[in-house]
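Some notes on the structure that comes next.
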Amino acid sequence: MIFTARAHIPNPLGPKHPSMVNSDFLEMTKPEDLGNTWEKSENNKNVGKDITEDGASAADDKNDGKDITKATKESTRGTDAIRAVHKEPESEEPNHHMVFSTDCSEYQQWQSYLLFYYAMKNGQPGTVTRIASGCTEFQGKKEIENHEKLIASQMSSQFRLHLTPEFSKVKDSDGKKTGEKYNFFNKPFGILHWLNEKLESKSISEDDIVILVDPDQIITRPITYDFSNESDHIFVTGNKEWKLKTKVTHGVPFAQKFGFGSSWQKRNIADIAGSGSHALNVSPPEARSHYPAGPPYLATARDFHQIAKKWAEYVPLVHKEFPYLMAEMYAYCIAAAHLKLPHQILTSLMVSDGSIRRGEGWELVEKIPDDDLCKPSVESDYVLPSVLHFCQRYIVGKWFWGKRKMPKDIFTCEMPLLKSPPEDLPTYDYFIPPSPHRPKDERKTFGNRFKGKFDAFMLCQLTSAVNEASTFYKKHNCDDSRSTRYDLTYNLWLGKEE
């Protein structure tokens with residue numbers, strides 16, 4: 001059952017792929033207890049430290065965990081107007097910590113920059129931390145330099161970098177490397193690494209709110225613990241006994257609904273979590289209503305630490321029997337169910353797949369008139385889903401978006417901006433797949449009347465997002481010579497400049 005709260009407050013700026021717990025879980029997990037995927041990086045002295053704008057460990061930052069965003073390096077090029085969105089929280093408000101997990105590849109560097117930029121633009125409160133796993137010593141130094149220069153100094157000193165060892169190598173039951181990799185091990189092990197350090201150093205409180213997003217997500221409005229009156233939210237209500245929750249508190253985590261339903265119950269839960277696990281007692285309706293969780297995930301630091309420990313414990317076992325993309329998400333569901341932590345599930349936290357009309361926050365997009373959908377003012381004029389998750393390919397007419405076709409050097413002085421789609425794109429009723437699709441220039445119609453509109457929305461919003469972040473980069477890091485390009489000429493459908 002879906003429930004929609006109708007308290008509407010405008011934005012201030014504009015995939016296919018859940019009982020309370022006792023407090024003695026705060027015993028820290030040692031690195032050697034993190035599981036078979038733990039890889040020590042003795043040569044990287046920066047592993048396990050949060051990097052702030054001056055290069056110091058965040059544990060030494062007296063402002064750590066507080067909503068203070070003043071950077072030491074002030075810009076004369078308009079940064080302050082965006083930074084002004086950040087405000088001191090009310091005294092009764094919990095601190096918020098948004099985190100996301102990446103590796104150290106160029107592919108995830110541009111996504112990280114885009115995520116940080118939109119967290120700044122839309123006033124995400126508290127800290128935002130990139131957890132980067134598996135950097136070599138050289139990569140680690142480079143990531144620190146880039147973070148200090150491009151993120152902490154130019155966007156916010158509350159934006160952090162936390163380096164960890166690599167966790168993606170698969171090992172057998174004897175702890176020997178198999179030669180295989182599962183990159184998504186980095187997410188549960190990475191956030192556990194970060195939580196262990198933060199809770200042990202007391203730089204975050206167990207009452208703080210932790211928000212886990214993916215690197216290929218950008219926020220359109222602040223995400224906080226309070227869903228009671230900020231804007232439209234679409235809740236999954238579950239059975240009659242379930243009382244709708246509107247605030248993240250101890251024992252009440254929140255998450256976006258993902259489309260796998262109760263399929264996590266098909267895993268061998270007794271082998272993974274033990275024959276006495278509460279996860280075995282979850283009914284299929286409860287599994288579909290309170291555990292099909294995906295990012296954004298929100299929980300108190302206490303609850304998230306509980307989940308992260310079990311998540312990291314279970315994910316190698318889930319992957320062993322189900323070595324596919326969804327293994328880490330199923331492991332999260334099993335961990336939450338084992339801990340008796342049913343989630344308040346929402347559909348409005350995220351959109352990604354235009355063919356899923358009712359499982360994601362498309363109801364909010366559906367309300368927007370076609371004439372307004374691609375206008376620059378749509379973000380300020382309408383309430384949008386909290387997150388745009390660009391994990392899909394979007395094609396309308398001869399317009400295309402796909403993250404794997406994005407130039408990795410998009411945020412540089414020499415790269416042009418993306419060619420902008422026309423404002424009437426939502427009226428197109430066809431799409432033409434780009435090369436190497438055969439037959440060439442084959443014209444196809446959408447499977448339903450909503451798919452074209454939803455894909456057009458994502459195309460327009462994501463193109464605008466990249467161009468806005470790229471313009472910010474150029475204004476703060478490039479001179480006014482001809483080598484700095486602002487022309488809208490890079491065509492993702494063609495995969496090259498026009």
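A side-chain donor from one of S277 and H338 sits under 3.5 Å from a side-chain acceptor of the other. Between the side chains of D353 and S355, at least one donor N or O lies within less than 3.5 Å of an accepting N or O. Donor-acceptor pairing under 3.5 Å is lacking for the side chains of T347 and Q256. No hydrogens or angles considered: a donor-acceptor pair under 3.5 Å links the side chains of H389 and D216. A side-chain donor from one of S133 and T164 sits under 3.5 Å from a side-chain acceptor of the other.
Taking all atoms of both residues into account, the shortest heavy-atom contact from A119 to I219 is CA-CD1, 3.8 Å. Residues A312 and L192 approach most closely at CB-CD2, 3.9 Å, considering heavy atoms. Listed here is the closest heavy atom pair of T102 and P215: CG2-CB, 3.9 Å. For the pair A293 and C333, the tightest heavy-atom approach, listed with the atom from each and the gap, is N-SG, 4.2 Å. Listed here is the closest heavy atom pair of P434 and R393: CD-NH2, 4.2 Å. Scanning both residues, I223 and L298, for their nearest heavy atoms gives CG2-CD2, 3.7 Å.
Counted within 6.0 Å of NZ on K405, heavy atoms from surrounding residues, nucleotides or ligands total more than 12; the atom is thus considered enclosed. By the neighbour-count criterion of 12 heavy atoms within 6.0 Å, atom NZ of K320 is sparsely surrounded, having that number or fewer from other residues, nucleotides or ligands.
Under the 4.0 Å criterion applied to side-chain N and carboxylate O atoms, E321 and R267 are assigned as salt-bridge partners. Of the charged side-chain nitrogens involved, none lies within less than 4.0 Å of a carboxylate oxygen, so that K198 and E206 do not count as a salt-bridged pair. Under 4.0 Å is where a charged nitrogen must lie from a carboxylate oxygen, and between K121 and E468 at least one such pair does. The residues E363 and R357 are annotated as not salt-bridged, no charged nitrogen and carboxylate oxygen being separated by less than 4.0 angstrom. Salt-bridge check for D214 with K187: passed, with a basic side-chain N closer than 4.0 Å to an acidic carboxylate O. Taking a cutoff of 4.0 Å between a charged side-chain nitrogen and a carboxylate oxygen, E366 and R358 qualify as a salt bridge.
The backbone N or O of F227 lies less than 3.5 Å from no partner atom in the side chain of T246, so there is not a single donor-acceptor pair. Under the 3.5 Å distance criterion, the side-chain polar atoms of H290 are matched with a main-chain donor or acceptor of H343. For the pair D172 (side chain) and K176 (backbone), a donor-acceptor distance under 3.5 Å is present. Judged by distance alone, with hydrogens and angles left aside, the side-chain atoms of S262 form no donor-acceptor pair with the main-chain N or O of P284 at under 3.5 Å. Although no hydrogens or angles enter the test, the distance criterion places a donor-acceptor pair under 3.5 Å between the side chain of Q344 and the main chain of V236. Looking at R302, its side chain never comes within 3.5 Å of a backbone N or O of A299 through a donor-acceptor pair. Side-chain atoms of S112 come within 3.5 Å of backbone N or O of Q108 as a donor-acceptor pair. Between the S289 side chain and the E286 main chain, no donor and acceptor come within less than 3.5 Å of each other. Panel note: side chain Y394, backbone S352; a donor-acceptor pair is recorded below 3.5 Å. Side chain of D226 to main chain of S228: a donor-acceptor pair is present (N/O by atom type, distance under 3.5 Å, no hydrogens or angles).
Taking the centre of each ring, Y332 and Y297 come in below the 6.0 Å mark. For Y113 and F411, the ring centers sit closer than 6.0 Å to each other. With ring centers used as reference points, F167 lies under 6.0 Å from F189. Under the 6.0 Å cut-off for aromatic ring centres, W264 and Y291 qualify, their centroids lying closer than that.
I144 has its side chain within reach of L161: a pair of non-hydrogen atoms, C-beta onward, lies under 4.5 Å apart. At a threshold of 4.5 Å between non-hydrogen side-chain atoms, the residues I218 and L462 count as touching. Within the 4.5 Å cutoff, the side chain of T178 has no heavy atoms near those of the K171 side chain. Counting heavy atoms from C-beta on, the side chains of L280 and Q265 never come closer than 4.5 Å. In this structure, the side chains of W401 and M406 come closer than 4.5 Å at one or more pairs of heavy atoms. For the pair I191/F100, no side-chain contact is recorded, criterion being any heavy-atom separation below 4.5 Å from C-beta on. For the pair Y225/E93, a side-chain contact is recorded, criterion being any heavy-atom separation below 4.5 Å from C-beta on. With contacts defined as side-chain heavy-atom distances shorter than 4.5 Å, the pair F304/D208 does not qualify.
Going from atom NE2 of H233 over to atom CG of L244 covers 11.0 Å, rounded to the nearest 0.5 Å. Rounding to the nearest 0.5 angstrom, the gap separating the OH atom in Y118 from the CG atom in L388 is 9.0 Å. Here the CD atom belonging to Q124 is positioned 11.0 Å from the OG atom belonging to S156, to the nearest 0.5 angstrom.
With Q109 as the fixed residue, the side-chain hydrogen bond (donor to acceptor under 3.5 Å, both in side chains) test singles out one of K142, E143, R130: E143.
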Worksheet item: Is there a side chain to side chain contact (heavy atoms under 4.5 Å, CB included) between Q158 and V128 once you walk through the steps?
Response: CA-CA 6 Å; Q158 289 293 84; V128 181; over 6 Å; no
Practice prompt. Output, in order, the C-alpha distance, side-chain angles, deciding distance and verdict of side chain to side chain contact (heavy atoms under 4.5 Å, CB included) for F454 and F446.
Written response: CA-CA 11 Å; F454 295 162; F446 295 107; over 6 Å; no
Worksheet item: Going through the distances and angles, do I151 and N146 end up as a side chain to side chain contact (heavy atoms under 4.5 Å, CB included)?
Response: CA-CA 7 Å; I151 307 299; N146 287 338; over 6 Å; no
Fill in: Residues I209, T224; criterion side chain to side chain contact (heavy atoms under 4.5 Å, CB included); working and verdict
CA-CA 8 Å; I209 304 300; T224 74; over 6 Å; no
Worksheet item: Please walk me through it: do H147 and F116 pass ring pair (Phe, Tyr, Trp, His ring centres under 6.0 Å)?
Response: CA-CA 10 Å; H147 185 85; F116 277 126; 5.6 Å; yes
Item to complete: Could you check T127 against H97 for side-chain hydrogen bond (donor to acceptor under 3.5 Å, both in side chains), going step by step and ending with a plain yes or no?
Response: CA-CA 5 Å; T127 63; H97 306 282; 2.7 Å; yes
Practice prompt. Apply side-chain hydrogen bond (donor to acceptor under 3.5 Å, both in side chains) to S168 and E166, showing your working.
Written response: CA-CA 6 Å; S168 61; E166 181 181 6; 2.6 Å; yes
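Relative ring orientation between Y107 and W110 is described as perpendicular, the plane-to-plane angle rising above 60° on a 0-90° scale split at 30° and 60°. Using cut-offs of 30° and 60° on the angle between ring planes, the pair H319 and Y182 is tilted. The aromatic rings of Y330 and F322 sit tilted relative to each other, their planes meeting at an angle between 30° and 60°.
Under a cutoff of 6.0 Å and an axis angle of 45°, K245 and W242 form a cation-pi pair.
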